[in-house]
Amino acid sequence: MNENNFQTLKIEWRKLAKALNKYNQAYAYGNSLIPDDSYDSIKARLQEIEVIIGPQKSSPLQKIGHEVDRKAIVHTVPMLSLDHGYGNEWIATICKRVSNNEWIAEHKIDGIAIELRYINGKLSQAITRGDGKYGYDVTMHVQDIVPIIDKENLQVRGELYMTWKNFYSIQNLFATPRNAVAAKIMSKTNQNHIKIDFMAHELVNSNYETYAQSIQYIKSLKLQTMPTYICKNYNDIQQFFTDVQNLRNDLEYPIDGIVIKINDLSKWKQLGAHLTAPRYAFAIKFMPQTQHTEIKDIIMQVGKFGTITPVAILKPIEIQGSTISKATIHNLEELYKKNYQPKDIVQIAKAGDIIPYIQQIVSKNSTETVNIIKQCPVCKSIIEKRNSTWKCMAGWNCEAQKLQRMSHFVSKKAFDIKGLGEKILQDFIKQNWIKFPVDILNLDLLNDKQLHLRNGWQRKSVEKLQKSIMHARKRPLHNVIYGLCIENIGYDASQILAKNFDSLQHFVNSFLSENYICDIAKIGPIMVESIKNFLIKDMWIEKLLKIL
Ligand code: IVH
C-alpha cells in the first residue's frame, strides 16, 4: 500500500472512530443516534480498515461501552458486552465456533445493564456497566424496585427496563423505553413518574454447576428472572429465535433479539472472553423489519436552526403494525450520493421499532439526477455547509425556522401550551398575531371573538388555550430556558442551567455581562457561545422578561 492510500484510510479511520465514539456515548445515555445496522456497518468498516492499517491504540473497537464521566465505581469482575449478529447465519457461525453444547436461550431485553450488590440481604449499591471496568452508582433509582433478599451477600447482573405499559403511560416524553430508563438513571433527582423494572440475567461468581441452576437460585430470592429455554443444537436455537420473533409484540417488555449462553459454567472458565465480550454467550438480534415501497416525492424540511433534511414521501406501507408514509434521509450529502428519486423502489426498515429509514434502493427506476440545492427551499436565502449538513442562514426571516421555533416554544417540555398545532400557529403568524414566540403568551389578550372566528373554535377550545397560557406564564425556569430554543441547548442542559440561576433575569444578566465566566459543569464553550449569541440577537427575550 502506498503512502497516499495509507493516509486516505487513516483519515477515514479517524472520521469513523470519532462517529462511533459519539454513537457509543449517546447510546450509553439512552439515545440511539443511528439505526443498529448502520452502527454495525460503521464498526465493520473500522475493523476492515484496522486489518489494513493495523490496530489503533485509541480505537473504539477496544472499548466496551462509553467512557465514564461521573464518580466511578470499580467492577470487581469486568462487565462485558455480547458479540452479536443477525438471524440464522449468525446462529450457524456460533454453533460452528463452539460446537456440541447445551445452550440456555433467553430474551434479549432492550434495557440498560446494571449490577446489584447486596450486603446482608439489603441492596447496598446498583452500578451501571459504564466502560466495563468502572460504572457509576444509580442506587437511588433502583432501591424501590428490587426486593430485600434473605440475608445474602451477592452480586447479580441484569437489565433495567421499562414495560410497554409504563412507556405508553408517559407517552411522548421519550422516543423509546430504553431512552426513558436512561433518562431516569442519569438524573440526580428522583424521577418517580418514570417507572422501571429490573430483570436478572447473571449471578456473579456463581458456584453452581450450570447457568440454569444459578438462575433458579436468583429466582428463589424473589428477584425477577426471564423464562429460560434449553437448546441442544442449531435447530433448537433457530426454532426458539423464530418463535420469539413471532411473539415479540405480545411481550410486556421490549426485546431486540435473544441471548444464548452455554449452560455448563465450567466451560465459561475454559472459554473465557476476548477484550469486550465472552466466548460462551452471544446475542442474536432480530433483522430490522423491512418492506419495499415506491418513493413518491422528495421534500426538504428546514429545522428550527435551519438544517435542511431531505425526506422521502413514500407510497404508504405497513411495518410491524404501523403505517409508514415517509422516511428521513440522513442529510443532503447522502441524498446526492444515493440519488434517491421519485419512482425508485426502496427498502424501508424500522430501526429499534421506531424510526423508519431507507435501507437501500431495490430498483432504480428514475434516470434523473438529484438537483443540487443551492438555496433554502422555503425562503430562498443562502445556505452554508456546517460539518456534513447544509443550513439556511436566514434565521427568523425563514418562515420554516420561525414556525419550528414557535412549535418548540409551545411543546410539552417548554411552555406546554395546548391546542396550538402547526397549522394554527401558521395561521396566527399570517394574521400577524405572533411575530416571535413570546407573542404566544399574549394571545389570551385577543378577544374571544377573534379566536372563535379564526378556527371555528368552540368556547371550550378558547378557554383551554387561555388556561394553558396562564400556566405557561408560571413555568419553572428549566422549561423556560428550554423553550427559548437556543442552539445546542437541549432539555438536559436547560435543567443544569436552571439549577445555577435564580430567575430568567439572573440567567440573562449573567450571560450578557462581560465579566461573567461560565464554569458550570457540562456547559461547554460552544453552549456558552450559543447562549450569548441568542441573547444578543433575539431581542424578544426583553418582552418575555416583562411577562414572566
Ligand atoms: S447476559 C457478558 N442476558 O445485552 C454480558 N445480557 O448487548 C452478559 N442483555 O450487556 C450479559 N438481555 O445488558 C444477558 N438475557 C440477557 C440479556 C442481556 C439483555 C443485555 C446486557 C448486555 C447486552 C449486550
Side-chain angles (χ1 to χ4, degrees), residues 23-24 27-30 32 36-37 39-40 43 63-66 68 75-86 90 94 98 103-116 126-133 135 138 142 155-163 176-178 181-182 185 196-206 210-212 214-216 218-219 223-231 237 240-241 244-245 248 251-263 265 267-269 271-286 352:
Y23 300 144
N24 282 343
Y27 189 73
Y29 288 88
S32 304
D36 278 7
D37 54 347
Y39 175 90
D40 291 345
K43 208 166 154 188
K63 294 180 201 152
I64 299 165
H66 71 108
V68 172
H75 284 299
T76 48
V77 177
M79 235 175 136
L80 299 175
S81 181
L82 286 171
D83 282 339
H84 74 268
Y86 294 87
W90 174 235
I94 301 169
V98 267
W103 297 93
I104 298 293
E106 291 172 343
H107 298 143
K108 182 174 185 310
I109 303 198
D110 196 8
I112 290 183
I114 197 108
E115 175 173 302
L116 305 183
I127 308 154
T128 62
R129 182 172 73 186
D131 64 359
K133 287 191 200 116
V138 293
V142 179
Q155 282 166 257
V156 186
R157 288 176 180 173
E159 212 70 6
L160 285 180
Y161 69 97
M162 178 177 269
T163 59
T176 64
R178 188 178 190 281
V181 178
I185 64 170
I196 59 173
D197 287 282
F198 173 78
M199 183 88 83
H201 53 54
E202 191 188 345
L203 175 65
V204 183
N205 295 326
S206 167
T210 65
Y211 175 76
S214 58
I215 284 294
Q216 201 48 43
I218 296 175
K219 204 171 166 184
L223 280 158
Q224 202 188 348
T225 55
M226 272 171 278
T228 50
Y229 295 85
I230 295 176
C231 297
I237 301 170
F240 178 72
F241 182 70
V244 174
Q245 193 160 21
R248 68 187 289 201
L251 292 176
E252 279 180 354
Y253 43 80
I255 61 168
D256 58 350
I258 63 164
V259 177
I260 55 167
K261 302 164 187 182
I262 293 180
N263 197 14
L265 291 186
K267 293 234 176 122
W268 287 31
K269 286 206 184 88
L271 288 164
H274 61 77
L275 200 59
T276 58
R279 295 196 173 90
Y280 49 81
F282 302 90
I284 303 149
K285 288 209 199 177
F286 302 134

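Just so you know, these numbers come straight off a predicted model, no measurement behind them. Atoms within a ligand are numbered from 1 in the order they appear, just like the ligands themselves.
Every residue was checked against the side chain to side chain donor-acceptor pair (under 3.5 Å) condition with Y280, not counting sequence neighbours, and none meets it. Listed by chain and residue number, Q224 satisfy the side chain to side chain donor-acceptor pair (under 3.5 Å) test with Y161 (two or more places apart in sequence, or in another chain). With sequence neighbours excluded, no residue forms a ring pair (Phe, Tyr, Trp, His ring centres under 6.0 Å) with F198.
None of V259, L82, V98 except one satisfies the side chain to side chain contact (heavy atoms under 4.5 Å, CB included) rule with F282; the exception is V98.
Inter-residue side-chain proximity for Y253 and H107 is flagged as met; some heavy-atom pair is nearer than 4.5 Å. No side-chain heavy atom of K261 sits less than 4.5 Å from a side-chain heavy atom of E202.
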Distances under 3.5 Å, N/O of ligand 1 against N/O of the protein: list each pair and its distance.
residue, atom, partner, partner atom, Å
ligand 1, 3 (N), K261, NZ, 2.9
ligand 1, 4 (O), K108, NZ, 3.4
ligand 1, 6 (N), H201, NE2, 3.4
ligand 1, 7 (O), K108, NZ, 3.4
ligand 1, 10 (O), R129, NH1, 2.9
ligand 1, 12 (N), I109, N, 3.0
ligand 1, 13 (O), E159, OE1, 2.7
ligand 1, 13 (O), E159, OE2, 3.2
ligand 1, 15 (N), E106, OE1, 2.8
ligand 1, 15 (N), H107, O, 3.0

